[in-house]
Every structure is written in C-alpha cells, then in structure tokens.
Amino acid sequence: TLASQANSPVINEQNRDALNQEFQSLVEEIDRLVDTTSFNGQKLLDGSISGDNALSLTQLLASTETVDDGALEIADLGSEALFDGESLNLLDTASATEAIAVIDDALNKVNSVQATIGAFQKSLDYAAANIDSAVANQEAARSILQDTDFAEASTEFSLANILRNAAIAVQAQGNRLSPNLLKLVNY
C-alpha cells in the first residue's frame with residue numbers, strides 16, 4: 001500500500017519521503033522479526049531450517065523408523081532474501097513501481113513458506129491423531145486383558161469355594177453317619 005501511494009503522481013516529495021521512511025521502518029521490522037523469532041534456541045525464519053537442518057516427523061517424534069515424511073524447510077525470510085538483494089525505496093515513482101513488483105514477489109515467497117508450514121502442521125496433526133488412536137487401542141486391549149484375567153480369577157475362586165463347601169458337606173455327612181455305623185457294628 002505504501003508503494004502504491006508513493007507511485008501516485010499526486011504525491012509530493014515531502015509525502016513521498018515520509019512514505020519511504022515508513023517503508024524503511026517496516027523493512028527493518030521484517031529483519032528484526034527474522035532475527036528474533038526462534039523456538040527452543042533455534043531461529044526459525046533466517047533460513048537455518050533447511051538442508052541438513054530441516055525438520056522431519058521422524059526427528060520430532062524421536063522415532064526409530066525412518067519415514068519419508070517430507071521434511072520442513074523454511075526459506076530465509078529476511079528483507080535481503082525476500083527482495084532478492086535489492087535495496088528498495090519509494091523516493092520516486094520509478095522506484096515505487098519497482099518496489100511494487102519486488103514486494104509482490106516477496107509476498108509470493110512468504111505465501112509459499114506459509115503453505116509449506118501449514119502442510120507440515122497437517123502432517124503433525126495426522127501423526128498426533130495416529131498416536132492418540134494407537135494409545136486408545138492399547139488401553140482398550142489392556143482393559144480387555146484385565147477383564148479376562150478378572151473373570152478367570154473369579155471363576156477359579158468360585159470353583160475353589162464350591163469344592164471347599166462340598167468337602168465340608170461330605171465331612172459333615174460322614175460325621176453324622178459314623179455313630180449310626182458304630183451302632184450297626186455293635187449289634
């Protein structure tokens with residue numbers, strides 16, 4: 001928007017200088033964000049997450065299996081990389097026109113990086129859902145095994161209890177019959 005305003009023929013030199021100062025401040029802010037945006041000590045937007053330092057699901061999940069998961073590479077988003085090394089200004093209409101074209105290319109680069117990060121995030125979401133499903137399945141299997149063990153233990157307890165009660169009943173019957181048997185033998 002600043003470049004479009006500076007490209008207008010009705011803007012005087014003083015207004016164009018003010019627009020250029022604001023534009024240069026925004027370029028400095030881009031570089032500040034690139035320098036300070038980090039996670040866990042790793043800078044994210046300076047191009048250091050690429051090549052051998054690209055992130056993969058295998059690394060993030062500390063998996064022992066190597067999966068072709070499409071590593072995340074984040075291009076350098078500093079002003080020099082975004083503007084292809086050009087030093088932009090809005091001091092005249094020709095510079096403003098050039099800045100508009102370069103900024104459009106820079107926006108395409110940023111959109112591409114956003115799409116790459118979004119796709120990787122979807123991969124992470126899928127992996128997390130897969131892990132959640134595996135955990136739920138393992139919990140269900142463990143619960144079934146515990147239920148089976150409980151049922152088996154209950155059956156064994158009931159059987160032992162019935163056998164004990166039967167043994168007591170047989171012994172009680174035997175004790176009641178013993179005096180009668182002795183009476184028969186004495187006669």
Side-chain angles (χ1 to χ4, degrees), residues 1-8 11-142:
T1 308
L2 294 176
S4 297
Q5 289 176 2
N7 196 26
S8 173
I11 298 289
N12 63 28
E13 191 174 318
Q14 183 181 10
N15 289 340
R16 195 169 275 119
D17 284 342
L19 289 172
N20 186 55
Q21 285 178 352
E22 186 176 351
F23 177 76
Q24 297 305 325
S25 293
L26 291 174
V27 170
E28 289 173 9
E29 182 63 13
I30 289 171
D31 290 332
R32 186 193 69 76
L33 287 172
V34 167
D35 289 338
T36 59
T37 302
S38 64
F39 176 75
N40 206 20
Q42 172 74 43
K43 290 193 176 193
L44 300 175
L45 305 177
D46 66 351
S48 62
I49 298 180
S50 61
D52 290 340
N53 293 329
L55 294 176
S56 70
L57 286 176
T58 305
Q59 289 172 318
L60 293 174
L61 299 175
S63 176
T64 57
E65 294 181 28
T66 303
V67 180
D68 183 20
D69 56 16
L72 172 64
E73 295 192 34
I74 301 176
D76 185 359
L77 295 178
S79 63
E80 188 173 324
L82 287 176
F83 301 152
D84 295 323
E86 295 185 41
S87 178
L88 301 178
N89 67 62
L90 307 178
L91 296 174
D92 55 47
T93 55
S95 298
T97 302
E98 180 186 352
I100 290 172
V102 172
I103 290 169
D104 282 344
D105 288 341
L107 286 173
N108 289 335
K109 291 175 186 176
V110 170
N111 288 338
S112 175
V113 169
Q114 285 178 328
T116 301
I117 292 171
F120 191 74
Q121 184 177 1
K122 283 294 181 192
S123 295
L124 288 175
D125 290 344
Y126 175 76
N130 194 18
I131 289 169
D132 288 344
S133 176
V135 167
N137 289 341
Q138 286 180 345
E139 284 296 318
R142 185 179 62 79

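Just the heavy atoms: all of them, side chains too, but no hydrogens, waters or symmetry mates, feed the values below.
Phe83 and Ile103 get closest at one heavy-atom pair: CE2-CG1, 4.3 Å. For Ala6 against Leu90, the heavy-atom pair with the smallest separation is CB-CB, 3.7 Å.
In this structure Glu139 satisfies the salt bridge (Lys or Arg N to Asp or Glu O under 4.0 Å) test together with Arg142, sequence neighbours excluded. With sequence neighbours left out, Glu80 forms a side-chain contact (heavy atoms from CB on, under 4.5 Å) with no residue at all. Judged as a salt bridge (Lys or Arg N to Asp or Glu O under 4.0 Å), and not counting sequence neighbours, the contacts of Glu29 are Arg32. Every residue was checked against the salt bridge (Lys or Arg N to Asp or Glu O under 4.0 Å) condition with Lys43, not counting sequence neighbours, and none meets it. Not counting sequence neighbours, Asp125 has no partner by the salt bridge (Lys or Arg N to Asp or Glu O under 4.0 Å) test.
A donor-acceptor pair is defined here as one N or O able to donate and one able to accept, closer than 3.5 Å; such a pair exists between the side chain of Asp92 and the backbone of Ala94. Remark: side-chain polar atoms of Lys109 are not paired, donor with acceptor, to backbone N or O of Ala75 under 3.5 angstrom. Using modelled atom types, no side-chain atom of Asn40 and backbone atom of Gln42 make a donor-acceptor pair closer than 3.5 Å.
Note that CG of Asp46 and CG of Leu33 are 12.5 Å apart. Values are rounded to the nearest 0.5 Å. The distance from the OG atom of Ser87 to the CD atom of Gln24 is 6.5 Å, given to the nearest 0.5 Å. If you take CG on Asp105 and CD1 on Ile100, they are separated by 12.5 Å, rounding to the nearest 0.5 Å. Between the OG atom in Ser4 and the CD1 atom in Ile11 there is a gap of 11.0 Å [rounded to 0.5 Å]. Separation of atoms CG (Asn7) and OG1 (Thr97) is listed at 3.5 Å; rounding is to 0.5 Å.
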| request: With side chain to side chain contact (heavy atoms under 4.5 Å, CB included) as the test, would you mind laying out the steps for Asp17 and Leu91 before giving the verdict? | output: CA-CA 6 Å; Asp17 284 342; Leu91 296 174; 3.3 Å; yes
| message | Go through it in stages, so that I can follow the logic: the residues are Arg16 and Thr93, the test is side chain to side chain contact (heavy atoms under 4.5 Å, CB included), and I'd like the CA-CA distance, side-chain angles, deciding distance and then a yes or no. | response | CA-CA 9 Å; Arg16 195 169 275 119; Thr93 55; 3.5 Å; yes
| field | Derivation of the side chain to side chain contact (heavy atoms under 4.5 Å, CB included) call for Phe120 and Ile74 | value | CA-CA 11 Å; Phe120 191 74; Ile74 301 176; over 6 Å; no
| task | List the steps, then state whether side chain to side chain contact (heavy atoms under 4.5 Å, CB included) holds for Leu82 with Ile30. | result | CA-CA 10 Å; Leu82 287 176; Ile30 289 171; 4.3 Å; yes
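Side-chain contact, Asn53 with Ser48: no donor N or O sits under 3.5 Å from an acceptor N or O.
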Check: residues 112-119 side-chain donor-acceptor pairs under 3.5 Å, at least two apart:
{"residue": "Thr116", "atom": "OG1", "partner": "Ser112", "partner atom": "O", "Å": "3.0"}

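Using a 4.5 Å cut-off on side-chain heavy atoms (C-beta onward), Val110 and Leu77 make contact. A 4.5 Å side-chain heavy-atom check between Ile49 and Phe39 finds every atom pair outside the cut-off.
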